[in-house]
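Keep in mind that what you see is a predicted model, and the values were worked out from it rather than measured.
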Amino acid sequence: MNKKDIIKTLETIAVYLEVEGANAFRVSAYRKAAGALERDERSMEELDDPAALSGIGKGTAGIINDLRETGTTELLEELRESIPEGLIPLLKLQGLGGKKIGRLYRELGVTNAAELKEACEAGRVEELSGFGKKSQEKILAAVEDMGKRPERLPVAGVMNAVHDLHARLQAADAVTRFELAGSFRRGRETVKDLDFIISTDKPEAVKELLLGLGNIHAVIGSGDTKISVELSYDDTIVPADFRLVEDGAFATTLHHFTGSKDHNVLMRQLAKERGEKISEYGVEDADGNVKQFDTEQAFFAHFDLPFVPPEQREGRDELEQSFDDLVALEDVKGDLHMHTTWSDGAQSIQEMAEACIAKGYSYMAITDHSKFLRVANGLNEERLARQHEEIRATDADIQIFTGTEMDILPDGTLDFEDAIIESVDMVIASIHSSFQQSEEEIMKRLEAACRNPYVTMIAHPTGRLIGKREGYKVDMQRLIELAAETATVLEVNANPSRLDLSAEHLRMLLDSDVRIAINTDAHHFDMLEDMESGVKTARRAGIPAERIINTWSADDLKAFLQTFCTQS
DNA sequence: GCCGTTTTCGGCCCGACTGTTTTCAGTCG
């Protein structure tokens with residue numbers, strides 16, 4: 001078994017144990033062990049003794065060694081034998097945990113979703129002590145709903161909800177301040193729900209406002225401090241939690257619900273060592289005095305820590321790091337990949353320029369598609385020349401680089417001859433076709449693009465669409481080597497459906513000297529706002545600003561293009 | 001199951017909400 005399989009198996013063991021009704025700490029021990037393995041950067045070959053990792057003891061180390069040598073382990077086999085497989089998916093149902101599922105199994109003989117549904121319909125569930133009519137109804141509704149909805153939503157799918165809720169809370173008088181926490185704030189690619197933290201001294205009014213939202217699909221819970229609803233946005237159901245707090249508790253509540261869980265555990269352990277206790281409401285010392293903070297900065301400072309950016313709060317080593325050089329949205333001086341009406345964009349060059357000026361950028365590049373991409377009205381040599389004339393003639397208070405997003409064709413050739421692109425400032429090469437090719441063929445195409453002296457950058461290097469499409473087969477280690485050797489820039493495509501390269505891939509190139517650009521690939525001027533998603537992705541990976549070419553001054557960028565992207 | 005250590009076992013993050021109870025267990029984040 002490889003490392004990923006082992007991690008997955010440890011998590012499976014935890015799930016089985018949970019259903020078996022095992023001690024909760026024993027269950028979490030297996031989850032912790034899986035997390036410890038995942039966070040360690042070594043491969044299984046390099047990892048001699050798993051027990052050397054904190055969180056993995058003798059017992060789990062034995063299991064890990066079993067797994068890597070034989071592909072299975074006694075405990076897993078035993079659990080599989082004693083627990084019907086059909087019970088496992090039931091854990092995902094709202095309101096059902098290991099204990100209740102265990103009782104449904106033992107006392108009613110339920111072994112899968114269909115049988116659970118039957119038991120509910122026959123009224124057998126409500127007869128169990130601890131269950132009741134309401135529980136039975138909720139379980140039945142959850143079972144019937146099962147599989148209809150994805151567990152986590154790609155971040156692109158919740159953007160509408162984010163903007164809408166933001167606007168509504170902004171406009172509410174009863175709201176003192178608010179922020180979106182949770183995995184969205186940490187810049188994850190998918191989210192389970194949206195967690196809003198709201199400071200207010202009129203909680204009833206805010207509660208009324210939230211429960212009165214016109215697009216409520218279901219109310220999951222509504223207490224004094226927590227409102228939990230499902231909202232409809234077009235075809236998507238977006239779960240959202242709202243926490244209402246007094247302003248004094250805002251910073252610690254925000255921190256708590258930003259998570260991650262693992263990060264919170266680290267913080268609480270640290271507090272404990274100092275004789276303090278962290279909760280949503282503040283930091284309590286040994287005498288029971290609770291200290292509150294205006295900001296998260298002040299909260300971290302209390303523990304002698306620098307501000308830990310939300311994107312870094314994953315329970316790794318973030319409490320031992322400093323983040324001074326991490327890229328921030330304000331560092332971005334331009335956007336180097338965008339489209340106009342010349343190909344498949346919605347705005348003119350002039351309009352895009354004005355939008356970029358409004359964003360405070362000092363430069364931008366217009367990079368429409370090339371002729372191979374007929375569906376996108378790609379530019380041929382003649383139209384490219386005319387467009388670049390128009391760009392040079394555009395009178396705008398911003399440096400506009402000429403550019404192209406040039407297709408890398410299925411056979412590994414490029415859509416334009418060298419003679420065409422040698423005079424283009426920003427030559428972006430990308431793959432939009434023959435995704436099903438072998439890794440060898442894909443790498444041949446990417447290598448051809450990297451080795452071309454005029455190609456500046458590879459766009460969306462894997463071609464994935466989060467939650468929709470895997471992307472083509474890229475040997476990322478090899479691509480990084482090629483990019484380093486040929487000074488080819490790799491893109492972080494900031495489109496929330498892409499985030500490509502991903503944070504995971506970006507971490508792989510931290511030790512190389514490959515340069516990065518964060519681009520929106522905007523087809524409409526609203527999409528220029530996606531820059532934030534791209535920056536978050538880079539921040540998750542810990543990329544310093546100096547590695548990112550569109551944080552450089554226009555002069556530095558020009559010098560770079562002249563040195564590395566022309567033949568001379 | 002892991003960890004730390006008062007080296008043999010107790011604590012493991014903490015609080016809100018719900019539905020069931022009639023003071024609390026289970027679930028969730």
### Query
In whole Å, what separates the P atom of B:dA16 from that of B:dG10?
29 Å
### Message
Just to be sure I understand the rule, does A:Leu93 reach a base, reach only the sugar-phosphate, or reach nothing, if contact means heavy atoms closer than 4.0 Å?
### Response
sugar-phosphate
### Residue A:Lys100, side-chain atoms from C-beta onward, closest of B:dC28, B:dG15, B:dG26
B:dG26
### Task
Could you work out which one of B:dG1, B:dG29, B:dT20 sits closest to the side chain of A:Lys134?
B:dT20
#### Entry: A:Asp195, nearest nucleotide to its side chain (from B:dG29, B:dG19, B:dG15)
B:dG29
### Query
Does a nitrogen or oxygen in the side chain of A:Lys138 sit under 4.0 Å from OP1 or OP2 of B:dT18?
no
### Task
Kindly indicate, with the supporting measurements, whether the criterion side chain to side chain donor-acceptor pair (under 3.5 Å) is fulfilled by A:Thr551 and A:Asp331.
CA-CA 5 Å; A:Thr551 67; A:Asp331 295 331; over 6 Å; no
### Query
So is A:Arg243 actually on top of A:Phe257's ring, under 6.0 Å and inside 45° of the axis?
yes
### Nearest listed nucleotide, side chain of A:Arg243, among B:dG19, B:dG29, B:dC12
B:dG29
### Task
Name the nucleic acid region contacted by A:Asp193, choosing base, sugar-phosphate or nothing; use a 4.0 angstrom heavy-atom cut-off, strictly under.
nothing
### Query
Can a side chain N or O of A:Ser228 be found less than 4.0 Å away from OP1 or OP2 on B:dC28?
no
### Query
Is there a side chain to side chain donor-acceptor pair (under 3.5 Å) between A:Thr176 and A:Asp247 once you walk through the steps?
CA-CA 8 Å; A:Thr176 312; A:Asp247 203 61; 5.2 Å; no
### Summary
Nearest-nucleotide check on DNA chain B, A:Gly59 vs A:Lys133; residue mapping nearer the 5' end is A:Gly59
### Query
Quick one: is the NZ or CZ of A:Lys100 closer than 6.0 Å to the six-membered ring centre of A:Phe131, and within 45° of its axis?
yes
### Query
So which nucleotide from B:dC17, B:dT18, B:dG1 ends up closest to the side chain of A:Thr225?
B:dC17
### Message
Would you compute the distance between atom NZ of A:Lys359 and atom CG of A:Leu329 and round it to the nearest 0.5 angstrom?
### Response
6.5 Å
### Summary
Taking B:dG29, B:dG1, B:dG19 as options, the one with an atom nearest any side-chain atom of A:Ser135 is B:dG19
### Query
How is A:Ser28 classified with respect to the nucleic acid when contacts are heavy atoms under 4.0 Å: base, sugar-phosphate, or nothing?
nothing
### Query
Which part of the nucleic acid, if any, lies within reach of A:Lys261 when heavy atoms closer than 4.0 Å are counted: base, sugar-phosphate only, or nothing?
base
### Task
Identify the nucleotide, in any strand shown, that forms a Watson-Crick or G-U wobble pair with B:dT8, with both distances under 3.5 Å; if there is none, say none.
none
### Query
Does A:Lys99 make a side-chain N or O approach to OP1 or OP2 of B:dT27 shorter than 4.0 Å?
no
### Message
For the P atoms, the ones on B:dG15 and on B:dC9, what distance do you get once it is rounded to whole angstrom?
### Response
30 Å
### Task
Rounded to whole angstrom, note down the P distance from B:dT23 over to B:dC13.
30 Å
### Task
Using the C1' atom as the reference point in each nucleotide, state the distance between B:dT20 and B:dT27 in Å, no decimals.
13 Å
### Query
With a 4.0 Å cut-off on heavy atoms, is A:Gln94 in touch with a base, just the backbone sugar-phosphate, or nothing at all?
sugar-phosphate
### Message
Under 6.0 Å between ring centres: does that hold for A:His255 and A:Phe293?
### Response
no
### Message
If the cut-off is 4.0 Å, is A:Tyr281 near the phosphate of B:dA16, judged by side-chain N/O to OP1 or OP2?
### Response
yes
### Query
So what does A:Leu53 hit on the nucleic acid, given a heavy-atom distance under 4.0 Å: a base, only sugar-phosphate, or nothing?
sugar-phosphate
### Task
On DNA chain B, check which nucleotide each of A:Gln136 and A:Arg103 is closest to and give me the residue with the more 5' one.
A:Gln136
### Query
Taking OP1 and OP2 of B:dA16, is either one under 4.0 Å from a side-chain nitrogen or oxygen of A:Lys226?
no
### Query
Taking only N and O in the side chain of A:Arg26, is any of them less than 4.0 Å away from OP1 or OP2 of B:dG1?
yes
